Number of protein chains: 2
Amino acid sequence: MATIKDVAKQAGVSVTTVSRVLNGTAPVNIKTKEKIMQAIDTLQYSPSIMAQGMRTKKSKTLGVLVPDYMNPFYHELFKYIEDAVRQEGYHMLTISTQEEVEDENSYITDLVNRNVDGIIVCSYKGEKETITYLLQLAKTMPVIFLDHFDIKQSINAVFTDGYNGIKEVTKHMIDKGHKNIAFIRPPVRYQVANDRYEGYKDAMQVARLPVNEELIYEGNYHIESGYAAAKYFLTQAKVKPTAIVSATDLMAIGAVNFIKSQGLSMPEDIAVAGYDDIYISKLMTPPITTYRQPIAQMAQTAVQIFIHKINHPTANNRQVMLAGHLMVRRSTDRDKPQVEKIVYK
Amino acid sequence: MATIKDVAKQAGVSVTTVSRVLNGTAPVNIKTKEKIMQAIDTLQYSPSIMAQGMRTKKSKTLGVLVPDYMNPFYHELFKYIEDAVRQEGYHMLTISTQEEVEDENSYITDLVNRNVDGIIVCSYKGEKETITYLLQLAKTMPVIFLDHFDIKQSINAVFTDGYNGIKEVTKHMIDKGHKNIAFIRPPVRYQVANDRYEGYKDAMQVARLPVNEELIYEGNYHIESGYAAAKYFLTQAKVKPTAIVSATDLMAIGAVNFIKSQGLSMPEDIAVAGYDDIYISKLMTPPITTYRQPIAQMAQTAVQIFIHKINHPTANNRQVMLAGHLMVRRSTDRDKPQVEKIVYK
DNA sequence: GTGAAAGCGCTAACAC
DNA sequence: GTGTTAGCGCTTTCAC
C-alpha cells in the first residue's frame, strides 16, 4: 500500500501539499495538483482511514449496533442506513452483540475504539448499564436510539409508535369480533418495546375486555418463542384464544408455523397478527397482518440526525416518532387474498 | 476516552510498561502490574484500535464483503463468521457493495484502509477487475473466496459443490417423472455460480432430456426475478414446464409466489426447487425443496483458513469444497408435510 | 524489570 | 502556494 509519502516523493512535493489536494483544505497550484493526481493514480494511493482517524479523531464512519444478525428487521435497516450514509460520504460499521447480555458495553467500546463518528443503537433489551454508558458517550458524539426508551434524559431517538401500533392491531382484532385475544410480549426484564404491551392492554380495556394473564406469553424475539407461544395458547391455556397478537413479526411467524402444523387455518380457526412488517410476512401463507414500521424512513431520519449533529454538535437532541401503518392481510381477514400482491420492480 | 498515557501517569509508570501488561510482550513485576490494572479499571481504559493498527498494521479484524445486505444467505453467514471470529479474538467488519457494479474494488480498498487482517469475499458476479485486485491483495493478507470461481491461480476458497448440487436437484425432478424442467439461472455475464447451470444441463443430458433454451430464464439473484421467471415460464413459454429448478432459494421463493398467485398448487401442478436452504425456505407454504449449503461449516472453515494463514503466512492456499445435502420438501414431493417440522430450541 | 525515543500515516499550525 | 514541524496513541527497539 502506497502512503502519502510515496505520493509526495513521486510528485516531487511535500506531504502537506498532497494532503491539501486530498482534502481541499487549501488552494494548490493547478499544475502541482495535476502532478499529484497523476502520482495518486499510478501508485493507486488511497489514504489510510486509520491514520486519518488517528489525527482527526474522525473516521467518516457511523457505527450501528444491533442485537442479532439473523433478524430480517435489521437487514433492511442495514441496507437503508448504508444507502443513506453513503450519500453523505460516510461508511457504516455494523456490530452485533449476539445478545450476549454480560457485556453489551464492550461492543460499544469496540465501536468507539474504531473512532466511529456516531452510533445508532438498536436493542432488544436496553439495560441500565448500556443506557448509562451511551448517555455518557452522547456527550462526545451523536448517539441515536432506534427504539423507544422511556428515558428521562434528553436523547436522540427514532421510532414508531409501538403503543398505538399494537393498540391498533389489537383493536383490529376486536373489530373482527375477537374477545379472547392473546398477546406475545417481549421479555419482561427488558424495557424495550414495553409500550407495545401497554398498547395491547389499553386496547383491551377500552373495549371492556378482560386482560387475561393466561393469554400473555413472554417471548424472546425469536421465531421459536412465537412457536412456543402458540403451542402454549392452543394446548395449555384454559381459555383458548381466537386471535393472537404478537409484539414482533418474527414471533408471529413462529406462531403461524405452529398453527399450520396443527392443521388449523387462519383466520378461520385463529387469527394472527404481528408488528414490524418484515418482508417475509407478506410471503407467508397466509400473509400476515402487521403494523408496518417505515424502516427506510427510520433509517434515513436517523442518519439525518447523525449528520446534522456532526455539523452542529450543539444541536438539540431530537425524538422523532414516525407513523406506522396497519397492513391487513389474510391472517386476520378472510376477504384478503391467500397470496399477497407484491409490487415487483 | 482515556489513553495509554493517562494510565501510565495514573499508575506512575511509563507507557511502555503499560503496553507490556496489555500485550504480555515482556514480564512485568506483579506489583506494578496490579497498579496498572487498577488504573486501567478506574479510567475505563481500552486501547484505540486505530492507534494499534497504525503501528502494527494489524487490527484483529476480518473484513467480509457481500453483494447485498438483504439476502438471508449472508445474514446466516454473518452470524456464523462473527461467532467463529470472536472465538479467536477477532472482530468482523462487513461491507456491502450493494451491487454497484462500477466499482467493487473501492469497497475492498475501504476494507484495506481500515487495516483488516484478511478478507472473506462473497460475490454475485466475480468480475475480472475485482479478481485481479484480490489476487494482488492476497500477497499481502489472507483472502478467502466464499464462492466457486474457476480461477487458474492459487486461491483460498470455500464452497459447496454447485455443479453436483444442482445436478442432484435436477435429477430429483427427473426421478419424480418430470421432463420439461425449467431452470432459473444466474446472470450470464457473471461467472459465479455458473457451475450450477452446468449441473442442470448435465443432469438433463444424462437423462437424455433436451435442454430447451426456452426453459432457461436468466435471473438476478433477487426474489423479483424468480417471480418474473415463473411468470415467463407459465404464461409465455411455448412448452410449459412441470418443474422449475432455481439456482438460488431466493429466486425459487419468487417463483413460488407467482405460482401461488395463479392458484396453482405445488407440487401437483408444478414442482419447484431451489439451492441454498436459507431459513425462509422451510417456512414457506409449501416448504421448498432445496440443496442445503452448510453455511455454519462454510463460515467456520473460512475463518479457520484465515486464522491459519495469519499464523503461517507462507501456508499453501486451500480450496475446500463442502458437501451439501438435498432437502426434499413438499414443493416437489406430495408425500412431505405441508408444514415442515422445525427443530425448535 | 523498566524507561526513553523513534516512528506508523496522516493533518494542522506555523512559517516563509 | 508550499514546506517544516509537531503530534494523534500506540508498539517496539535499544539502553540501562
Side-chain angles (χ1 to χ4, degrees), chain A residues 1-37 39-40 43-61 89 109-117 140-141, chain B residues 1-37 39-40 43-61 89 109-117 140-141:
Chain A
M1 277 279 117
T3 72
I4 196 171
K5 228 170 167 174
D6 301 325
V7 176
K9 197 186 291 177
Q10 171 102 353
V13 296
S14 77
V15 291
T16 312
T17 310
V18 178
S19 171
R20 285 205 259 261
V21 340
L22 244 37
N23 304 295
T25 43
V28 172
N29 183 297
I30 183 79
K31 277 284 173 210
T32 346
K33 191 168 179 173
E34 268 164 19
K35 263 192 306 186
I36 290 170
M37 297 299 251
I40 287 176
L43 292 173
Q44 294 209 55
Y45 168 75
S46 157
S48 157
I49 296 176
M50 300 227 130
Q52 280 181 308
M54 185 90 258
R55 263 305 318 215
T56 61
K57 304 284 155 223
K58 309 242 163 299
S59 62
K60 284 277 175 189
T61 304
T109 300
D110 188 60
L111 245 22
V112 174
N113 288 335
R114 282 165 199 277
N115 285 10
V116 295
D117 303 325
T140 327
M141 64 172 77
Chain B
M1 276 280 121
T3 73
I4 196 171
K5 229 170 166 174
D6 301 325
V7 175
K9 195 186 291 177
Q10 171 101 354
V13 297
S14 75
V15 293
T16 314
T17 311
V18 177
S19 170
R20 284 205 259 262
V21 341
L22 244 38
N23 303 295
T25 42
V28 172
N29 183 297
I30 183 79
K31 277 282 173 210
T32 347
K33 191 169 180 174
E34 270 164 19
K35 265 193 303 190
I36 291 170
M37 295 300 250
I40 288 176
L43 292 172
Q44 294 210 59
Y45 167 76
S46 155
S48 155
I49 296 176
M50 299 229 133
Q52 282 185 162
M54 183 92 258
R55 269 297 324 212
T56 61
K57 304 282 153 225
K58 309 242 163 299
S59 61
K60 283 278 175 187
T61 304
T109 300
D110 188 63
L111 244 21
V112 174
N113 288 336
R114 282 164 199 276
N115 285 11
V116 295
D117 303 324
T140 327
M141 63 173 74

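Remember, predicted model here, so these are calculated numbers, not experimental data. Every chain is numbered from 1 and lettered A, B, ... according to where its sequence line falls, protein lines coming before strand lines.
The distance from atom CD1 of Ile4(B) to atom OG of Ser19(B), rounded to the nearest 0.5 Å, is 5.0 Å. Atom CE of Met54(B) sits about 7.0 Å away from atom CE of Met54(A), to the nearest 0.5 Å.
When the shell of 6.0 Å around NZ of Lys57(B) is examined, it contains more than 12 heavy atoms from other residues, nucleotides or ligands.
For the pair Gln10(A) and Asp6(A), the minimum side-chain heavy-atom distance is 4.5 Å or more. Using a 4.5 Å heavy-atom cutoff, the side chains of Asn113(A) and Met1(B) are in contact. Within the 4.5 Å cutoff, no side-chain heavy atoms of Thr61(A) are placed close to those of Arg114(A).
Considering every non-hydrogen atom in both Ala8(A) and Ser14(A), the closest pair reads CB-C, 3.7 Å.
Note on the helix from dG1(C)-dC16(D) to dC16(C)-dG1(D): angle between the axes of the first and last five pairs equals 40°, rounded to 10 degrees.
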**OP:** Step by step, work out the side-chain contact (heavy atoms from CB on, under 4.5 Å) result for Asn29(B) and Thr17(B).
**Re:** CA-CA 10 Å; Asn29(B) 183 297; Thr17(B) 311; over 6 Å; no
**OP:** Could you go through the side-chain contact (heavy atoms from CB on, under 4.5 Å) check for Ser48(B) and Thr3(B) one step at a time?
**Re:** CA-CA 8 Å; Ser48(B) 155; Thr3(B) 73; over 6 Å; no
**OP:** Determine, step by step, whether Ile36(A) and Arg20(A) satisfy the side-chain contact (heavy atoms from CB on, under 4.5 Å) criterion, reporting the C-alpha distance in whole Å, the side-chain angles of both residues, the deciding distance to 0.1 Å, and the verdict.
**Re:** CA-CA 10 Å; Ile36(A) 290 170; Arg20(A) 285 205 259 261; over 6 Å; no
Original post:
When you check every protein heavy atom under 4.0 Å of nucleotides 2-11 of chain D, what one-letter string (B, S, -) results, 5' to 3'?
Top reply: BBBBBBBBBB
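The nucleotide range of DNA chain C contacted by chain B, defined by atoms under 4.0 angstrom from heavy atoms of the protein and reported 5' to 3', is dG1(C) to dG9(C).
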